[in-house]
Amino acid sequence: MHGDGRHQDGTAPRVVVGVSGSLGSLAALHRGLAEARDRGAVLWPVLAWEPPGGEHGYRRSPCPPLLAAVREAAERRLDEALAAAFGTDGPDVPMQPVVIRGETGPALAHVADRPDDLLVLGRSGGPLRRRLRRSVSAYCARRAGCPVLVVPVPELLHDLEALHRRTRWHLTVAPAPEPLAAKGR
């Protein structure tokens with residue numbers, strides 16, 4: 001790399017962010033934006049998608065119109081996630097959104113293939129989902145050829161999950177605490 005942060009081929013450094021649309025991935029987008037600003041890098045939000053039933057299922061019964069519809073849905077999901085994270089103005093750094101076909105972990109490790117890239121991931125899904133599916137962050141930490149930053153789950157997500165559990169089991173939901181009155185009033 002040259003002194004201005006660019007590679008010998010003239011390309012800028014990249015901050016690759018895994019996007020799913022979850023609160024965890026939105027937190028990762030915000031952290032990725034901050035990292036891109038600090039590094040003078042291009043922000044690469046990446047959403048990976050697979051055909052229904054996975055690649056093996058699709059090979060057994062291919063349906064090109066269905067495949068096109070799933071890809072379009074993935075593109076819309078990425079656009080919606082970017083709008084939710086950055087609003088209509090977008091981020092204040094150069095951005096290159098990417099929609100890629102493939103399993104999430106391998107696809108992200110494939111895109112973030114330069115040693116000076118930074119791969120930013122958020123944690124998403126509850127404990128059951130994490131047990132049923134491979135951990136994307138663990139896969140990327142083992143396989144990516146660049147540093148991987150895993151952003152912790154936002155506190156709001158913990159509160160929402162707790163509220164969801166309580167309402168699902170028909171338990172009482174505690175009211176918000178009353179603000180304390182100032183002394184002398």
Side-chain angles (χ1 to χ4, degrees), residues 12-39 41-55 67 69-114 116-165:
R14 304 181 305 177
V15 174
V16 179
V17 181
V19 178
S20 66
S22 68
L23 284 177
S25 76
L26 293 179
L29 273 171
H30 284 278
R31 180 61 186 265
L33 174 61
E35 292 290 336
R37 262 191 223 121
D38 291 347
R39 297 165 181 257
V42 177
L43 183 65
W44 280 52
V46 177
L47 188 138
W49 65 279
E50 290 184 276
E55 293 296 335
L67 195 64
V70 172
R71 178 176 174 73
E72 288 172 13
E75 291 170 351
R76 275 193 309 276
R77 203 166 82 220
L78 179 59
D79 290 341
E80 290 167 0
L82 294 174
F86 306 128
T88 56
D89 295 337
D92 56 354
V93 299
M95 181 172 68
Q96 179 65 50
V98 176
V99 175
I100 186 169
R101 179 177 172 176
E103 191 177 348
T104 306
L108 290 170
H110 174 75
V111 172
D113 62 348
R114 301 191 304 204
D116 64 334
D117 285 346
L118 174 65
L119 179 55
V120 181
L121 305 168
R123 302 205 38 99
S124 62
L128 178 61
R129 182 173 182 204
R130 286 193 293 270
R131 283 192 182 101
L132 294 175
R133 298 193 72 188
R134 246 186 346 179
S135 169
V136 172
S137 55
Y139 180 91
C140 290
R142 283 191 314 270
R143 301 283 175 97
C146 66
V148 176
L149 173 63
V150 180
V151 178
V153 176
E155 283 300 315
L156 176 61
L157 187 57
H158 289 295
D159 296 342
L160 287 173
E161 287 173 350
L163 181 62
H164 180 66
R165 279 191 303 275

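Being a predicted model, the structure only gives us computed values, none of them experimental.
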How close do [X] and [Y] get, counting heavy atoms only, and between which atoms?
X	Y	value
P45	L43	CD-O, 3.3 Å
A107	A48	CB-CB, 3.8 Å
A36	V93	CB-CG2, 4.2 Å
L108	C140	CB-SG, 4.1 Å
L47	A74	CD2-CB, 3.6 Å
V111	D117	O-OD2, 4.0 Å

Handout entry: Partner residues of D113 under the salt bridge (Lys or Arg N to Asp or Glu O under 4.0 Å) criterion, sequence neighbours left out
Key =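 Salt bridge (Lys or Arg N to Asp or Glu O under 4.0 Å) check on D113 returns R14.
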Handout entry: Set of residues satisfying side chain to side chain donor-acceptor pair (under 3.5 Å) with respect to E75, sequence neighbours excluded
Key =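 Side chain to side chain donor-acceptor pair (under 3.5 Å) check on E75 returns R71.
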For a 4.5 angstrom cut-off between non-hydrogen side-chain atoms, does [X] reach [Y]?
X	Y	value
I100	H110	yes
E103	E50	yes
L149	L118	yes
V42	M95	no

Problem - Pair R76 + D79: basic N to acidic O under 4.0 Å - result: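 Looking at R76 and D79, the cut-off is not met.
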Practice task
Return yes if some donor-acceptor pair links the side-chain N/O of S25 with the main-chain N/O of V19 below 3.5 Å, else return no.
Solution key: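 Such a contact is absent between S25 side chain and V19 backbone.
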Practice task
Keeping the roles fixed (side chain from S135, backbone from A138), state whether a donor-acceptor pair exists under 3.5 Å.
Solution key: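 Side chain of S135 to backbone of A138, a donor-acceptor pair under 3.5 Å: yes, one is there.
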Practice task
Show your working on side chain to side chain contact (heavy atoms under 4.5 Å, CB included) between F86 and L33 and close with a plain yes or no.
Solution key: CA-CA 10 Å; F86 306 128; L33 174 61; 3.7 Å; yes
Practice task
Give the C-alpha distance, both sets of side-chain angles, the deciding distance and a yes or no for side chain to side chain contact (heavy atoms under 4.5 Å, CB included) between W49 and V99.
Solution key: CA-CA 7 Å; W49 65 279; V99 175; 3.4 Å; yes
Practice task
Evaluate the criterion side chain to side chain contact (heavy atoms under 4.5 Å, CB included) for residue pair L29 and L26; output intermediate values, then yes/no.
Solution key: CA-CA 5 Å; L29 273 171; L26 293 179; 4.1 Å; yes
Problem - Greater than 12 external heavy atoms within 6.0 Å of H30's NE2 - result: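 It does: H30 NE2 has more than 12 such atoms within range.
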Exercise for the section: Take V151 and L121, measure what side chain to side chain contact (heavy atoms under 4.5 Å, CB included) needs, and give me the verdict at the end. Expected result: CA-CA 6 Å; V151 178; L121 305 168; over 6 Å; no
Practice task
Mind checking the CZ-CG spacing from R123 to L23? Nearest 0.5 Å is all I need.
Solution key: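 If we round to the nearest 0.5 Å, R123:CZ and L23:CG are 15.0 Å apart.
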